[in-house]
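Order of listing sets the numbers, starting from 1, for every ligand and every atom in it. We count residues from 1, following the sequence as given.
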Amino acid sequence: MFFLLFILILISHAIAITKYEESYLEVPIDHFSLSKTNDTFKLRYLLVEQFHIKGGPIFLYCGNEADIKVFYDNSGFLLDIAPTFNALVVFVEHRYYGQSMPFGPKSLNSAEGLRYLTVEQALADFACVIDSLIKKYFSTMITNISYPIVAFGGSYGGMLAAWLRIKYPHLILGAVASSAPLLQLNNLKLCENFYHIVTQSYRNENCSQAIKASWEAIRNITKTHEGKKNVGHIFKLCKTLGNEDDVGKFIDSLEEIYVNLAMLNYPYATSFLAPLPGNPVKSFCDKLKSYGTIQTPLALLQAISSALEIATNYSGTTKCNNIEITNNEPTDFAWGFQACFELIIPMCSTKEDIFEPISWDYEKFTKECIKKYGVVPYSPNKLFLEFGGATMLKYSSNIVFSNGLLDPWSSGGVLANISDSVVAVLIPEAAHHYDLRGANPVDSKYVLDARKFHVAQIRKWLNIS
Ligand SMILES: *[C@@H]1O[C@H](CO)[C@@H](O)[C@H](O)[C@H]1NC(C)=O
Ligand SMILES: *[C@@H]1O[C@H](CO)[C@@H](O)[C@H](O)[C@H]1NC(C)=O
Ligand SMILES: *[C@@H]1O[C@H](CO)[C@@H](O)[C@H](O)[C@H]1NC(C)=O
Ligand SMILES: *[C@@H]1O[C@H](CO)[C@@H](O)[C@H](O)[C@H]1NC(C)=O
Ligand SMILES: *[C@@H]1O[C@H](CO)[C@@H](O)[C@H](O)[C@H]1NC(C)=O
Ligand SMILES: *[C@@H]1O[C@H](CO)[C@@H](O)[C@H](O)[C@H]1NC(C)=O
């Protein structure tokens with residue numbers, strides 16, 4: 001009994017004191033040009049040494065499109081399993097996000113500043129960090145096996161983890177790629193999947209009809225100046241809706257919230273992209289249903305606005321809702337650039353979805369990208385040339401692709417086993433890279449099984465039983 005208690009205290013203590021050391025590595029701004037070899041910048045990474053014992057592997061999280069601390073805080077799985085592997089844990093920031101700015105504040109200037117924001121450059125950054133870690137932690141060259149280094153990543157970070165294994169197999173032994181919608185890149189065939197899955201999440205909670213009806217209500221009511229004012233008032237917008245453009249932006253901002261709730265539909269409260277309650281889709285739908293039968297379009301909008309407060313006002317301290325804010329964040333600017341030029345993911349919605357139907361128009365998309373960033377897009381085939389498309393995955397090895405079946409991004413995930421060592425894990429009832437989150441008492445058996453699967457694969461790669 002005492003022994004058990006002691007272990008519990010030790011465990012909670014370990015979780016409480018897990019600390020990273022913030023480090024920086026000088027890396028080339030341009031890895032692929034000889035003419036500028038002395039231009040460098042400081043790439044940030046977070047190092048957790050406390051579980052590491054000499055000879056243990058390195059677990060490397062491939063940072064994606066945000067400050068690396070966001071991923072550190074939301075990917076506790078790496079830290080949870082580090083002690084049993086004696087692993088060193090490293091979270092590497094993606095260039096152009098957080099503190100890792102090649103040209104300082106000028107980095108996010110269109111065209112000129114964003115030139116070196118590419119997948120290849122980001123992977124080469126990771127390779128530089130790995131090189132420096134190898135020199136520091138593996139004193140002797142390992143010649144007969146690959147270095148015991150495992151990459152992890154969620155979402156775009158999951159694609160990066162898989163690509164890191166594909167591109168640098170001599171540095172990376174294997175990759176756990178969670179919720180990586182690799183197959184959706186430039187794939188018009190999967191265009192509709194994403195919004196279908198979002199819709200299904202709301203349909204499961206019986207509130208898809210109300211959301212669907214709200215668009216027509218908004219369009220109708222905002223036809224007049226008075227109506228625009230009313231809607232602005234109902235949704236507590238910071239600025240009243242001035243014109244049709246604003247109405248479009250307002251609708252986009254609502255759609256973004258619905259998508260985020262579906263993506264972040266975890267069973268406990270989180271604060272990943274925004275503070276949210278547990279089961280946010282159900283929370284929203286339950287609140288909406290508490291209004292009973294809704295008679296008028298205005299009453300519908302009132303109910304929706306109130307129900308949406310579980311997302312927009314979870315803390316109860318939001319003064320007003322800004323429909324533009326997401327587009328102005330530096331992170332969204334850099335990600336918008338990547339989504340425009342390299343990571344092109346066709347998305348469209350149909351009549352069956354809770355959203356207004358939108359078709360995919362590549363030309364229009366390209367024009368808007370050029371207007372916003374002043375850069376001509378890469379060839380849409382660039383990433384296929386670089387890493388191979390879906391059918392080429394069979395030539396790789398040691399990759400786990402995991403997908404939560406509630407996650408809209410499972411729309412483009414690798415959902416079937418490719419070979420003995422490029423394998424897929426499907427996680428029922430799980431949202432966006434749930435499996436990479438730290439352990440939680442309410443985790444389902446499905447998620448625990450997925451994590452066990454990852455651990456078993458990693459053991460196999462590391463050749464330990
Ligand atoms: C790079 O080296 C060249 C030649 O030595 C020098 O003129 C230039 O200022 C250097 N650039 C930076 C950013 O240090
Ligand atoms: C690698 O070589 C060392 C030294 O020769 C040997 O002890 C070890 O078993 C080898 N490992 C593998 C995986 O072959
Ligand atoms: C949704 O409605 C159906 C049919 O009325 C019902 O069987 C089901 O339990 C409801 N689900 C929820 C989550 O309310
Ligand atoms: C929108 O307006 C049209 C015509 O003015 C009307 O037929 C329709 O019922 C209205 N829809 C809503 C949701 O108010
Ligand atoms: C947020 O909640 C507080 C407390 O209930 C309320 O006073 C405020 O109006 C709400 N703000 C928004 C934007 O919903
Ligand atoms: C892939 O193979 C593993 C066994 O190696 C199995 O456990 C898993 O369920 C398979 N995945 C899918 C999606 O069938």
task: Decide whether an N or O pair under 3.5 Å exists between E205 and ligand 3.
output: no
statement: Note: ligand 3 atoms sitting under 4.0 Å from heavy atoms of N204 are 13 (C)
task: Number the atoms of ligand 3 from 1 as they appear, then name those within less than 4.0 Å of a heavy atom of K289, with their elements.
output: 14 (O)
Less than 3.5 Å apart, N/O on ligand 5 and N/O on the protein: could you list those pairs with the distances?
from	atom 1	to	atom 2	distance (Å)
ligand 5	2 (O)	N313	ND2	2.3
ligand 5	9 (O)	K236	NZ	3.3
ligand 5	11 (N)	N313	ND2	3.0
ligand 5	11 (N)	T318	O	2.7
ligand 5	14 (O)	E309	OE1	3.3
ligand 5	14 (O)	N313	ND2	3.1

Donor on one side chain, acceptor on other, [X] and [Y], under 3.5 Å:
X: E226; Y: N230; value: no
X: T270; Y: R437; value: no
X: E192; Y: S349; value: no

query: Should the ring pair F337 and F341 be called parallel, tilted or perpendicular, given that the plane angle runs from 0 to 90° and is split at 30 and 60?
result: perpendicular
query: Which of parallel (below 30°), tilted (30 to 60°) and perpendicular (above 60°) describes F91 and Y61?
result: parallel
task: From the options H432, H433, E65, select the one residue that forms a side-chain hydrogen bond (donor to acceptor under 3.5 Å, both in side chains) with S155.
output: H432
D443, D407, N265 screened by side-chain hydrogen bond (donor to acceptor under 3.5 Å, both in side chains) with Y434, the one that passes: D443
Atoms of ligand 6, numbered as shown, that sit under 4.0 Å from any heavy atom of L415: 13 (C)
field: 4.5 Å side-chain heavy-atom contact, Y266 and N279
entry: no
